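See below for the structure under consideration.
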Amino acid sequence: MWKLLVYLKDYKKESVLGPLFKLLEASFELMVPLVMASIIDVGIKNRDGRYVMMMGGVLLLLAVVGLASSLTAQYFAAKAAVGFSAKLKSALFHHIETFSYTEVDRLGSTSLITRMTSDVNQVQSGVNLVLRLFLRSPFIVFGAMIMAFTIDVKAAMIFVVAIPLLSIVVFGVMLASIPLYKKVQAGLDRILGITRENLTGARVIRAFRKEKEETVKFERANLDLNKVQFFVGRVSALMNPLTFVIVNGAIIFLIWTGALRVETGILTQGAVVALVDYMTQILVELVKLANLIITVTKAIACGNRIQDVFEVETSLKDTAGTDLAEGISFSSQGEIVEFEHVGLSYQNASEESLTDISFAAKRGDVIGVIGGTGSGKTSLVNLIPRFYERTSGEIRIGGTDIKRYPLIQLREKIGVVPQKAVLFYGNIRSNMQWGRKDATDEEIWAALETAQAAEFVRDKEGGLDALVEQGGRNFSGGQRQRLTIARALVKKPDILILDDSSSALDYMTDAALREGIRENLAGTTVFIVSQRAASILQADQILVLDDGELAGKGTHEELLQSCEVYREIYESQFGKEEK
């Protein structure tokens, strides 16, 4: 948690001025009981109305100056806390962007969202309250005790006993609460995960009539969270009654002692009232401190969760600044992509997902990748742009190991269309320019034509300026797929990866798409991942995967003769008579 405070370095002035103005306000507050004592011992005792009015004016002045100091402190504290939060979110997002798919899979997207939103907001609240109250409350507590000693040493000894007892209660509750609040945040992660899963899969849940089961699942997770929250709430709730018992007990002893000393003439009535006022101030400040500590406890727990993300190092080691940082050249007409005995094991997996994969693809080749569900097709193509890091073997692009290329430049040469078609809020033009910021309308329309998307884009009101809602939900599945393909084509990549990206297209549109890619991207090496044999029949080379291993490679005709796995897939879709 404390490592996160580095993001306050640009707000040093605000972080100092905020507490200072709060201490100034506290100083004025400590003067109030003395003024009240003077009003009682001088003004009321002597029936001097003028003196009472004058000292009342002093009280009013103290209130006005204290309010101004408090507002100024709040301004600086809020500015520092909000600025800290903004920088923390920015740094956290930047760090998460460096993760490979491995780290995202391990931490979970729902957990990362919770840490970037709820946890950061909790830390922001903690920083704000600390800047305003963390120095003020102890200052009032110990200042009141010191002022009590200036009035009467014997009566002030009650403060010496009460304050340590109160500190034990406050800090004991805090230490007991910290691990519990961490459990609360973990429970929120689970709730968010279930909620997100149910909202994204609402159609599937309804199709299989699983509403009741999912409701029970959510209620169970919610109940577990409630139990932890109730328990930590009970622990935290002990703070206020215990502090009130201690402080009110001290006030009873204080009044009793004060009455005896007033009777003997050692103390005045105003002095006793001042002592009671100081004890009341201590009570109020300790209640504030108790609530502050509860908030700080939550903030520390959330801050530790955020720090855990910062301490996760990406498995991808970027080579920016090395001898290849000047750029990647694919001028060679030979083998562009080469896999040599490549293996992949996902983190904490007991077995390899890919084993001993070897093949080579030349410039302009169309490489088909086919196999059953879970055979490793997507895993294979994800290794090319280094979304995952291979665990064995070597992958070369242009004759050079891909680990030697800077990541940003490697991925600039590769266009990827993932399995799930994702569009972003904006318009069609802004989505197409994800591929290349300076792409002209003519280039965008050319990519849309190749992707068989131009017709429905023209029919949209506004054309390229047509609204794209979040996730592209105002487009059909097939339209989203064609737009994501066009977005990749706008890049004019040297390597194009189509990861089962035409599954929502009919056979005629799929065939037109492949023909358009072949005609307009003659120099691009294309990887087509598909479960449709029809999509890869004309490929220059077909890779057949079976349980993570390369069961066969070659052309369609060669594989029909030599690869039983491919022949079974083909015959299941076309029938034996088409062989």
Side-chain angles (χ1 to χ4, degrees), residues 1-30 64-99 111-143 170-171 174 177-178 181-182 184-185 188 284-314:
M1 165 64 188
W2 310 117
K3 294 179 181 178
L4 302 181
L5 297 181
V6 68
Y7 299 105
L8 268 175
K9 65 181 181 181
D10 292 334
Y11 299 93
K12 292 177 182 176
K13 180 183 73 174
E14 289 81 1
S15 299
V16 172
L17 290 177
L20 282 180
F21 275 99
K22 268 298 178 181
L23 292 181
L24 183 61
E25 178 208 356
S27 300
F28 293 132
E29 189 170 330
L30 287 173
V64 172
V65 177
L67 176 63
S69 300
S70 179
L71 292 175
T72 305
Q74 176 61 58
Y75 168 76
F76 286 122
K79 184 177 180 181
V82 172
F84 162 81
S85 172
K87 288 185 176 295
L88 177 58
K89 286 179 182 177
S90 179
L92 183 59
F93 186 80
H94 177 74
H95 183 67
I96 291 172
E97 285 292 290
T98 67
F99 287 170
S111 178
L112 292 174
I113 291 170
T114 303
R115 297 181 202 216
M116 184 170 285
T117 52
S118 175
D119 287 358
V120 171
N121 288 340
Q122 193 68 58
V123 173
Q124 176 185 323
S125 298
V127 170
N128 193 347
L129 286 176
V130 165
L131 292 177
R132 290 194 293 117
L133 299 176
F134 196 70
L135 289 180
R136 182 190 188 280
S137 293
F139 181 80
I140 289 285
V141 170
F142 291 104
V170 168
F171 288 100
M174 181 188 72
S177 299
I178 288 176
Y181 280 118
K182 197 167 185 178
V184 169
Q185 292 303 120
L188 285 174
V284 172
E285 290 306 318
L286 282 173
V287 170
K288 289 182 182 178
L289 185 61
N291 292 326
L292 168 64
I293 288 174
I294 291 172
T295 302
V296 170
T297 300
K298 293 179 182 178
I300 290 173
C302 294
N304 289 337
R305 283 161 48 82
I306 295 169
Q307 184 59 38
D308 289 343
V309 177
F310 279 116
E311 291 177 357
V312 174
E313 294 186 6
T314 178

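All heavy atoms count here, side chains included; hydrogens, waters and symmetry mates do not. In this text, all values refer to a predicted model and were calculated from it rather than measured experimentally.
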### Considering all heavy atoms, the nearest A73-G18 contact
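Looks like CB-O, 3.3 Å.
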### Task
Heavy atoms only: give me the nearest V123-G303 pair and the separation to one decimal.
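Here V123 and G303 meet closest at CG2-N, 3.6 Å.
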Can you tell me how far [atom2] of [Y] sits from [atom1] of [X], rounded to the nearest 0.5 angstrom?
X    : Y    : atom1 : atom2 : result
Q307 : C302 : CD    : SG    : 13.5 Å
L4   : K87  : CG    : NZ    : 14.5 Å
L20  : L131 : CG    : CG    : 11.0 Å
S137 : K22  : OG    : NZ    : 9.0 Å
R132 : E25  : CZ    : CD    : 10.0 Å
K89  : I96  : NZ    : CD1   : 12.5 Å

### Query
Can you name the salt bridge (Lys or Arg N to Asp or Glu O under 4.0 Å) partners of E311, sequence neighbours left out?
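Checked E311 against salt bridge (Lys or Arg N to Asp or Glu O under 4.0 Å); matches are K3.
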Name every donor-acceptor pair, under 3.5 Å, that has one atom in a side chain of residues 114-122 and the other anywhere in the protein, sequence neighbours excluded.
| residue | atom | partner | partner atom | Å |
| --- | --- | --- | --- | --- |
| T114 | OG1 | T110 | O | 3.0 |
| T114 | OG1 | D189 | OD1 | 3.1 |
| R115 | NE | S111 | OG | 2.9 |
| R115 | NH1 | R305 | O | 2.9 |
| R115 | NH2 | S111 | OG | 3.1 |
| T117 | OG1 | I113 | O | 2.6 |
| D119 | OD1 | Q185 | NE2 | 2.5 |
| D119 | OD2 | R305 | NE | 2.7 |
| D119 | OD2 | R305 | NH2 | 3.1 |
| N121 | ND2 | T117 | O | 3.3 |

[X] side chain near [Y] side chain, heavy-atom distance below 4.5 Å:
X    : Y    : result
N128 : Q74  : yes
V312 : F99  : yes
S27  : F139 : yes
I140 : R136 : yes
H95  : T98  : yes
E14  : L17  : no
F310 : L88  : yes
V296 : L129 : no

### Task
Tell me, yes or no, whether the heavy-atom count around F134 atom CZ, taken from other residues, nucleotides or ligands under 6.0 Å, exceeds 12.
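It does not: F134 CZ has 12 such atoms or fewer within range.
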Given 3.5 Å as the limit, does a donor-acceptor pair link the side chain of [X] with the main chain of [Y], or not?
X    : Y    : value
S69  : V65  : yes
S85  : A81  : no
N304 : I300 : yes

